[in-house]
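This structure is a prediction, so every number in the text was calculated from the model and none was measured. Reminder, nothing fancy here: chain letters follow the sequence lines and each chain counts from 1.
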Amino acid sequence: MHEDTPRPFDPAAFDAKLASDSAIRSMLIVGAVIAGVVAFLMPGLGVVSTVVAPVILLGLWLWLTASTARVGRALPLVSGQLASDPAQAEATIEEVLRYRPVMRWARLLTYHRLAALRHLQRRFAETAAICLCLLNQPLKGPAAQARPYLLLMLAEAQLETGNLPGAYHALAHLQQTRLGLAESLQRLALQTRYELAVGAYGSALYRSRAKVELAELMPPAHCATMHAMLATAAHHADQPKLAGWLWERTRLLAEPDLLKQLEQGGFGVGIVEPDTGIGTEPA
Amino acid sequence: MPAPANPNLFDPPSAHQLADHLAAHPPVRSANWHLRLPIIMIVVLGMTLLLMSSPAFALLPWLALLGAMVYITSRVRAMRELQQRVTRAWELAMIRRYREALGHAWDLLPACRSQPELHGRVVTVIAHILGELNQDNAAEVAYGYLLDRLPTDHPLSLRLKVQRAVAALSAGRLADADEALRKLRGPAEASKDPALGAAYRLARLVQDVRTGHYADAVKTADETADKLRPLGIEAGYGHGLLAYCCDRLAERSTSIDETTRQQLTHQARAWWDKATLLIPPAALVYRYPELRHVTTTTHGTTT
């Protein structure tokens, strides 16, 4: 049956999938132990101890590895589809989520792509739910690299849904996370947006010159948005000269549509993940 | 070129030095034998298991498999560290610590030989920095090197061609740049990538300035400024060049009346104000030395 709206994220199904993967992994470990016992402690079993048990174990391990490799190959494909063809990305993610057994990191990274897709579709409540589920899991190995972007997406999703305490928690976690330059710039933009939302105009303007210099390193649309946010803070903090200068720059930097939106106070930042190509522009 | 103790003292290489460095450290297609290792191990393990009956000997293939896994894990970790070092070089370039970034990138090139993608990223960082440091001949070498290795339909290919044309313009090779820009006109205008269109527009503006076609640039000034927006702050360079064109036209043209001359002077001041709103005058003059003239005529001061 063709569905126009994608199936909403179900935390229970997420938990069930991880539990199923975990059970298969446990079975493999138990199998390894049994194979070891059979091979070394029961040599009297002959060919069963030396060949059959290890071959079965090897087969299970290959099954897990091959299945994970399929997911690994699909992930960059999904990243490319997110920008060019979100509907196709939705289909690919759904297909990839059906693969099993899959190593934990591959499963978590697939859900990370799902979060990015929902973020792109501006389904922020769902984005926040997926990010929270993922962040509650231990993110190890290749999945660890997704943590900063999950926190960034979560912070923006919480801001979009008006959940300011939730945004505060995400930003607080981001403060404790080691970030690269691109991630730090996005955190700065989200933090400024949060400060505007809670009326902390003084904090938003703290070290404003340094913030403007950092904004200049952002992609053009983000740079314009950051200028508009600082200009709004300056206006509220009764610094008309600074506000005027920042708005003048904003007008030079923003495309007409974005400028109209910024003048109406629409400060959507849009998280961009350069390494995977995942990203949304301010909207 | 050995890296000095102080990274800020790293001298940009000449075109010859860069060409030699690139030739000495080309990307190599890895035999990927370390990726095939698990398969080899599995085959060996299977054969051994079939041949061996003693449990003591059966332990050996398992140990070998464990060794292979440890080896692969260490390789993956080393590759991740290399990626982080390349990202660090790129970040240093982003925050305009060009010489330090160049020193890092220069040293990283030999280490990236077995990773063609990382190798390409390092050369891109080098090319970008050399362009920023006005080392146009060397930048052209780096862009040419990248273009020789990219498929013609690669998404980055057009951008690199525009950058190479700009480097050629800045190095004074106007004929080469003109030919390159003429070839790029169609693809750049048809492209859906606004940043590519903006970069092409800026290149054409530089060409107008370097070839003295000020009137052409002034005629389409507003449209050009609109198209430059995707460059972000860098659009300020375009505004500065438009100011220069207006200024030169006002000063040199003999066929215009006094009113038009005053209008052009006024326009030059307006464009210059926009340029300096985005980029400090010193940075504008560093990138395009001819803009020093605008700073003196529009505001009567030098930077």
Chemist: When rounded to the nearest 0.5 angstrom, what is the spacing between CD in Gln83(B) and CD in Gln145(A)?
Modeler: 8.5 Å
Chemist: Given that the side chain runs from C-beta out, which part of Arg88(B) has a heavy atom under 4.5 Å from chain A: side chain, backbone, both or neither?
Modeler: neither
Chemist: Specify which of Glu248(A), Arg249(A), Met218(A) makes the most heavy-atom pairs with chain B at under 4.5 Å.
Modeler: Arg249(A)
Chemist: If I measure from the heavy atoms of chain A, does Leu228(B) come under 4.5 Å with its side chain, its backbone, both, or neither?
Modeler: neither
Chemist: If you count heavy atoms of other groups shown closer than 6.0 angstrom to NE2 of His154(B), is the number above 12?
Modeler: yes
Chemist: Can you tell which of Cys223(A), Pro256(A), Ala254(A) has the highest number of heavy-atom pairs within less than 4.5 Å of chain B?
Modeler: Ala254(A)
Chemist: Between Thr65(A), Leu252(A), Val212(A), Leu217(A), which shows the greatest number of heavy-atom pairs under 4.5 Å with chain B?
Modeler: Leu252(A)
Chemist: Taking the side chain as every heavy atom from C-beta outward, state whether Pro230(B) and Glu255(A) have any atom pair closer than 4.5 Å.
Modeler: yes
Chemist: For Arg96(B) and Glu216(A), what are the C-alpha separation, side-chain angles and deciding distance, and is it a side-chain contact (heavy atoms from CB on, under 4.5 Å)?
Modeler: CA-CA 11 Å; Arg96(B) 299 176 191 130; Glu216(A) 290 178 2; 3.9 Å; yes
Chemist: With heavy-atom distances below 4.5 Å as the criterion, would you say the side chains of Leu278(B) and Leu253(A) are in contact?
Modeler: yes
Chemist: Looking at His239(B), Glu91(B), Arg229(B), which has the largest count of heavy-atom pairs under 4.5 Å with chain A?
Modeler: Arg229(B)
Chemist: Tell me whether Arg104(A) at atom CZ has more than 12 heavy atoms from other residues, nucleotides or ligands lying less than 6.0 Å away.
Modeler: yes
Chemist: Any chance CD of Glu117(B) has more than 12 other-residue heavy atoms, nucleotides or ligands included, within less than 6.0 Å?
Modeler: no
